[in-house]
Amino acid sequence: MALTRRIMATTAVAALALTGCGQQKPAAGGEGEETSWPTGSFTLMVPGDAGGGWDGTGRALTQAMETSGLVQDTQVINQGGAAGTIGLASFVENSRENSLSISGSTMIGGILLTDSAVTLDDVQPAAVLISEPVVLAVRADSPYKSLDDFLSALKKDTKGTSVAVGSTGGVDHLGFAQVAEAAGVDPTKLNAVSFKDGGLTSVLNGDVAAGFSTLQQWRPQIENGDLRVLGVTSAERVEGLDAPTFMEQGIDVEWATWHGLVAPKDTTKEEAAAIADFLAEVQATDAWQEAVEKNDWTDEFMVGEEADEYFEEQRALYEDLLPRLGLTG
């Protein structure tokens with residue numbers, strides 16, 4: 001019987017507060033008055049390299065803030081490495097007011113995989129923003145014409161059927177592992193090959209049998225016919241993509257990467273409420289909604305207790321999933 005894996009792999013946006021200059025909304029002065037946020041220019045820490053998935057989310061977010069007039073001045077700081085844990089440590093050590101930082105699924109897994117001294121216990125969730133599905137794709141002339149073809153080869157020669165992923169223990173790898181497990185293949189025996197660029201070149205060159213990646217990253221090659229999608233991890237078919245979901249093909253796996261926001265550990269309840277209100281305004285802007293549609297994201301907006309619960313569910317999920325797949329002790 002197929003195992004159910006309805007999970008989202010995270011990319012959260014963490015709230016880093018760095019001192020800003022310039023004026024936005026007036027800050028509250030007395031007890032009982034509404035707290036306004038941000039009170040100056042806004043800085044976003046992106047714990048990943050420029051051009052990556054976190055960077056794309058972060059820049060779409062700050063652009064929405066600026067074009068809508070919610071914030072007059074924004075700055076994005078990129079500090080990648082170690083699955084986002086280097087940027088997280090910098091955020092925790094240097095956080096001041098009026099700033100946010102990105103964190104997420106890769107970071108949740110990275111904290112466990114690297115045994116990071118700085119964890120999500122050192123920040124607090126501010127919001128969940130978006131999610132995006134992962135796809136299994138092969139080059140156009142691959143002998144694997146369907147998911148059944150690929151899974152048959154994987155069962156017959158698990159080690160010999162190599163699959164490109166972005167990083168060991170990352171969103172792509174975990175998506176592959178869950179599909180394999182649901183199909184009856186031991187996920188600890190998989191030949192998942194990690195590539196800094198996600199493995200697109202290796203898939204196109206035929207150096208690996210297939211690749212797992214977020215849809216947004218490989219969409220151009222899918223649309224021009226260089227890649228063929230065998231399965232999508234979304235619950236329903238993606239609009240504009242002629243490809244079946246895993247679930248409709250009998251593989252009970254729903255999985256996605258998600259991006260959100262976290263705040264400094266010492267953020268007060270009043271400040272947290274003000275941040276939530278501000279982010280709700282950003283989420284409602286035309287600029288943000290256009291970015292969601294353009295990038296094939298799903299709007300997953302959550303703040304407050306709902307976001308807190310989601311972060312905790314995701315962390316518990318990874319703490320169970322990674323050891324079971326043989327990736328942590």
Cluster question for you: counting only ILVMFWY and a side-chain heavy-atom cut-off of under 4.5 Å, with indirect links fine, are [X] and [Y] together?
X      : Y      : value
Tyr144 : Leu227 : no
Val46  : Val118 : yes
Met65  : Phe301 : yes
Leu241 : Ile130 : no
Ile222 : Val134 : no

Q: Under the side-chain hydrogen bond (donor to acceptor under 3.5 Å, both in side chains) rule, what do Ser41 and Asn98 come out as? Steps first, then yes or no, please.
A: CA-CA 7 Å; Ser41 61; Asn98 299 329; over 6 Å; no

Just wondering, more than 12 heavy atoms not from [X] lying within 6.0 Å of its [atom1]?
X      : atom1 : value
Asp242 : CG    : no
Lys189 : NZ    : no
Asn224 : CG    : yes
Glu248 : CD    : yes

Decide yes or no for [X] and [Y]: does some side-chain heavy atom of the first lie under 4.5 Å from some side-chain heavy atom of the second?
X      : Y      : value
Ile86  : Gln79  : yes
Leu88  : Pro47  : no
Glu236 : Thr245 : no
Pro38  : Val71  : yes
Glu319 : Leu112 : yes
Leu151 : Val185 : no
Met247 : Asp252 : yes
Thr43  : Ile77  : yes

Between [X] (side chain) and [Y] (backbone), is there a donor-acceptor pair under 3.5 Å?
X      : Y      : value
Glu181 : Leu325 : no
Arg228 : Val138 : no
Thr62  : Gly58  : yes
Ser116 : Thr119 : no
Gln178 : Leu174 : yes

Calculate, to the nearest 0.5 Å, the distance between atoms [atom1] and [atom2] belonging to [X] and [Y] respectively.
X      : Y      : atom1 : atom2 : answer
Gln124 : Lys269 : CD    : NZ    : 10.5 Å
Gln63  : Thr285 : CD    : OG1   : 9.5 Å
Asp296 : Thr214 : CG    : OG1   : 9.5 Å
Lys159 : Leu190 : NZ    : CG    : 7.5 Å
Thr168 : Leu322 : OG1   : CG    : 11.0 Å

Q) In terms of side-chain geometry, is the basic nitrogen of Glu223 or Arg219 positioned less than 4.0 Å from the acidic oxygen of its partner? A)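 Salt bridge flag = yes for Arg219 with Glu223.
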
Ignoring hydrogens, what is the shortest heavy-atom contact between [X] and [Y]? Give both atom names and the distance.
X      : Y      : value
Ala180 : Leu154 : CB-CD2, 4.1 Å
Val232 : Pro133 : CG1-CB, 3.9 Å
Ala140 : Lys145 : O-NZ, 4.3 Å
Ala164 : Val203 : CB-CG2, 4.1 Å
Ala263 : Phe91  : C-CZ, 3.8 Å
Trp218 : Gly199 : CZ2-C, 4.1 Å

Q: Could you check Asp121, Ile111, Asp320 and say which one makes a side-chain contact (heavy atoms from CB on, under 4.5 Å) with Arg315?
A: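 Of Asp121, Ile111, Asp320, side-chain contact (heavy atoms from CB on, under 4.5 Å) with Arg315 is met by Asp121 alone.
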
Q | Asp186 side chain to Thr188 side chain, donor-acceptor N/O pair below 3.5 angstrom | A |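 Distance-only check passes for Asp186 and Thr188.
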
(Q) Assess, by modelled atom type and distance only, whether the side chains of Asn295 and Glu132 contain a donor and an acceptor separated by less than 3.5 Å. (A)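 No, Glu132 and Asn295 have no side-chain donor paired with an acceptor closer than 3.5 Å.
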
Mutual orientation of the aromatic rings belonging to [X] and [Y] [parallel < 30°, tilted 30-60°, perpendicular > 60°]:
X      : Y      : value
Trp288 : Trp297 : tilted
Phe246 : Phe212 : parallel
Trp37  : Phe42  : perpendicular

Q) Is there a side-chain hydrogen bond (donor to acceptor under 3.5 Å, both in side chains) between Asp157 and Thr161 once you walk through the steps? A) CA-CA 6 Å; Asp157 184 8; Thr161 308; 5.2 Å; no

Q: Go through Leu279 and Leu100 one step at a time and tell me if the side chain to side chain contact (heavy atoms under 4.5 Å, CB included) criterion holds.
A: CA-CA 11 Å; Leu279 293 175; Leu100 303 172; 3.9 Å; yes

